[in-house]
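These notes concern the structure reproduced below.
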Amino acid sequence: MPIKQLKIHKLNMRLKDPFTTSFGTFQDKEFFITELIDEDGNRGYGESVAFSSPWYSEETVKTNLHVMEDFLIPILKDNQINHPEQVSDLFHPIKRNNMAKSALEGAVWDLYAKREKLTLAAALGGERKQIDVGISIGIQPTVDDLIQTIQHFVDAGYKRIKIKIKPGWDVEVLREVRKHFPDTPIMADANSAYTIDDIEHLQKLDDLNLMMIEQPLEHDDIVDHAKLQAVMKTPICLDESIHSLEDTRKAYELGSCKIINIKIGRVGGLTEAKRIHDFCMDKGIDVWCGGMLEAGVGRAHNVALTTLAQFVLPGDTAGSSRYWERDIIKPEVVVENGLINVPDQPGIGYDIDEEAMDEFTEWTRVYHF
Ligand SMILES: O=C(O)CCC(=O)c1ccccc1C(=O)O
Ligand SMILES: [Mg+2]
């Protein structure tokens with residue numbers, strides 16, 4: 001691909017409502033939009049998903065910029081790229097920093113799909129025209145607030161409800177929720193808030209008919225999760241622990257989970273996400289697409305990935321309006337009856353809303369190839 005220029009746009013956006021997990025509360029999001037421009041004027045876009053603080057993983061907005069500028073962009077400049085699948089191998093010598101890698105690799109995928117006049121979904125091999133959507137609800141001030149919030153999103157049609165839990169906001173809360181919503185597909189996400197010493201406590205969740213429990217134990221663990229899965233009938237889903245196909249294989253061999261949440265940023269890009277998907281399809285592990293409170297570009301990438309066959313469970317790919325007063329894409333991502341219609345325009349399939357980009361852009365840097 002005759003790449004001419006890369007732009008990195010630094011954006012600041014404010015979520016409509018604060019979002020609280022076991023590790024902290026977010027409302028202001030700073031991130032990068034990557035824009036890769038070829039000699040014909042095609043533009044491919046990616047989004048960095050690291051947060052400002054290393055609470056979810058070790059990456060931050062600042063480490064993303066450092067790693068992109070000092071290591072990854074030089075690799076892109078020095079190599080002729082014909083297909084986006086080359087990028088993850090070219091980036092492989094750089095350890096981890098998967099969200100930085102993904103922000104650039106995503107722009108290469110979008111540019112490639114646009115040049116080939118394919119939707120990003122089709123370029124990845126996805127066939128679904130609509131995807132099922134769930135929603136992730138942060139920790140609320142009171143159980144009543146939580147129940148009202150769930151009711152709101154159940155009424156809006158979301159196909160499953162994910163509830164964030166932490167010690168002190170878990171068994172009793174979920175029991176109350178289950179009483180109000182006996183038949184709703186419900187799951188819990190602990191974001192690594194428990195340890196092996198909490199196994200007996202976590203077993204109390206087993207009679208609540210949860211779809212799964214996401215990442216109950218340490219962010220880097222797969223051994224204790226296997227011990228937990230062995231004594232629980234509720235499926236364990238791994239999020240933070242899975243950074244690669246290799247991690248997935250090891251978790252599978254140990255029996256650490258029955259479900260995997262695939263986040264493009266966490267695994268270093270769409271190519272690795274697809275490799276994990278293919279492995280899980282082969283082994284019968286269900287997967288779904290996780291979220292990082294993305295703006296429109298990242299959200300569009302998630303929608304495209306979810307069209308692959310083994311994404312059999314609703315993802316955390318809620319509509320733009322769940323997060324933002326105004327998103328940076330036109331049209332915004334819309335959820336109706338718990339479904340998103342996959343766009344049929346080339347690449348990510350949504351246009352950049354240049355006016356919104358201007359509003360949220362703090363600065364732009366240009367790199368000439
Ligand atoms: O709606 C979303 O984008 C996902 C929300 C979510 O659960 C989440 C948000 C921030 C960090 C981690 C997570 C997570 O999936 O664990
Ligand atoms: Mg999670």
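We count ligands from 1, going down the list as the structure has it; atoms in each ligand are counted the same way. Values below: all heavy atoms of this structure, side chains included; hydrogens, waters and symmetry mates excluded. Being a predicted model, the structure only gives us computed values, none of them experimental.
Close placement of the Tyr158 and Phe153 rings is indicated, their centers lying within 6.0 Å of each other. Residues Phe91 and Phe71 place their aromatic rings such that the two centres sit no closer than 6.0 Å. Aromatic ring centres of His83 and Trp109 lie closer together than 6.0 Å.
A salt bridge does not link Lys250 with Glu253: every distance from a Lys NZ or Arg NE/NH1/NH2 to an Asp or Glu carboxylate oxygen is 4.0 Å or more. The pair Asp17-Arg322 does not meet the salt-bridge criterion, since no charged nitrogen lies less than 4.0 angstrom from a carboxylate oxygen.
If you number the atoms of ligand 1 from 1 as listed, the ones under 4.0 Å from a heavy atom of Ser136 come out as 5 (C), 6 (C), 7 (O). Short contacts between ligand 1 and Met292, defined as distances under 4.0 Å to a heavy atom of the residue, involve ligand atoms 3 (O). Atoms of ligand 1 found under 4.0 Å from any heavy atom of Glu214, numbered from 1 in the order shown, are 15 (O). Taking every non-hydrogen atom of Lys162 and a distance limit under 4.0 Å, the qualifying atoms of ligand 1 come out as 7 (O), 14 (C), 15 (O). Against a heavy-atom cut-off of under 4.0 Å, Tyr56 is close to the following atoms of ligand 1: 12 (C).
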Listing, residues 362-369 side-chain donor-acceptor contacts under 3.5 Å, not counting sequence neighbours, or none:
residue, atom, partner, partner atom, Å
Glu362, OE1, Lys10, NZ, 3.3
Glu362, OE1, Asn12, ND2, 2.7
Thr364, OG1, His9, ND1, 2.8
Arg365, NH1, Glu69, OE1, 3.2
Arg365, NH1, Glu69, OE2, 2.9
Tyr367, OH, Glu69, OE2, 2.5

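Using modelled atom types and a 3.5 Å distance limit, the side chains of Asp155 and Gln151 yield a donor-acceptor pair. Asn79 and Gln86 form no side-chain donor-acceptor contact under 3.5 Å, judged by distance and modelled atom types alone. Defined by atom type and a distance below 3.5 Å, a donor-acceptor pair is present between the side-chain atoms of His243 and Arg96. Side chains of Thr271 and Ser88: a donor-acceptor N/O pair is absent below 3.5 angstrom, by distance only. In this structure, a donor-acceptor pair under 3.5 Å is present between the side chains of Asp170 and His201. Counted by atom type alone, Lys263 and Tyr56 present one or more donor-acceptor pairs between their side chains at under 3.5 Å.
Residue-level proximity to ligand 1 for Asp189 is carried by the side chain, the only part with a heavy atom below 4.0 angstrom. Only side-chain heavy atoms of Asn191 come within less than 4.0 Å of ligand 1; its backbone N, CA, C and O stay farther off. Of all the heavy atoms of Arg322, none lies under 4.0 Å from any atom of ligand 1, so neither backbone nor side chain is involved. Of all the heavy atoms of Lys164, the ones lying under 4.0 Å from any atom of ligand 1 belong exclusively to the side chain.
Taking any N or O of Tyr323, backbone or side chain, at least one lies under 3.5 Å from an N or O belonging to ligand 1. The shortest N or O to N or O distance between Leu293 and ligand 1 is under 3.5 Å. Considering backbone and side-chain atoms alike, Arg299 places every N or O at 3.5 Å or more from each N or O of ligand 1. Checking only distances, Asn261 never comes within under 3.5 Å of ligand 1, N or O to N or O. Looking at ligand 1, you'll find an N or O of Lys263 within less than 3.5 Å of one of its N or O atoms. For a threshold of 3.5 Å applied to N or O pairs, the pair formed by Glu240 and ligand 1 contains no separation below that value.
In this structure, Ile161 CD1 and Ile150 CD1 are separated by 6.5 Å, a value rounded to the nearest 0.5 Å.
Side-chain contact between Met292 and Met99 is present, with heavy atoms from C-beta onward closer than 4.5 Å. In this structure, Asn191 and Trp55 have side chains that are not in contact, with every pair of non-hydrogen atoms separated by 4.5 Å or more.
Shown are the protein N/O/S atoms under 2.8 Å from the Mg ion (ligand 2), given by residue and atom: Asp189 OD2, Glu214 OE2, Asp239 OD2.
Heavy atoms of Asp239 come nearer than 4.0 angstrom to ligand 1 in at least one pair.
What sits closest to atom 9 (C) of ligand 1 on the protein, heavy atoms only, is Phe19 CE2, 3.7 Å. The protein heavy-atom contact nearest to atom 10 (C) of ligand 1 is Phe51 CZ, 3.6 Å. Distance from atom 4 (C) of ligand 1 to its nearest protein heavy atom, with residue and atom name: Gly291 O, 3.4 Å.
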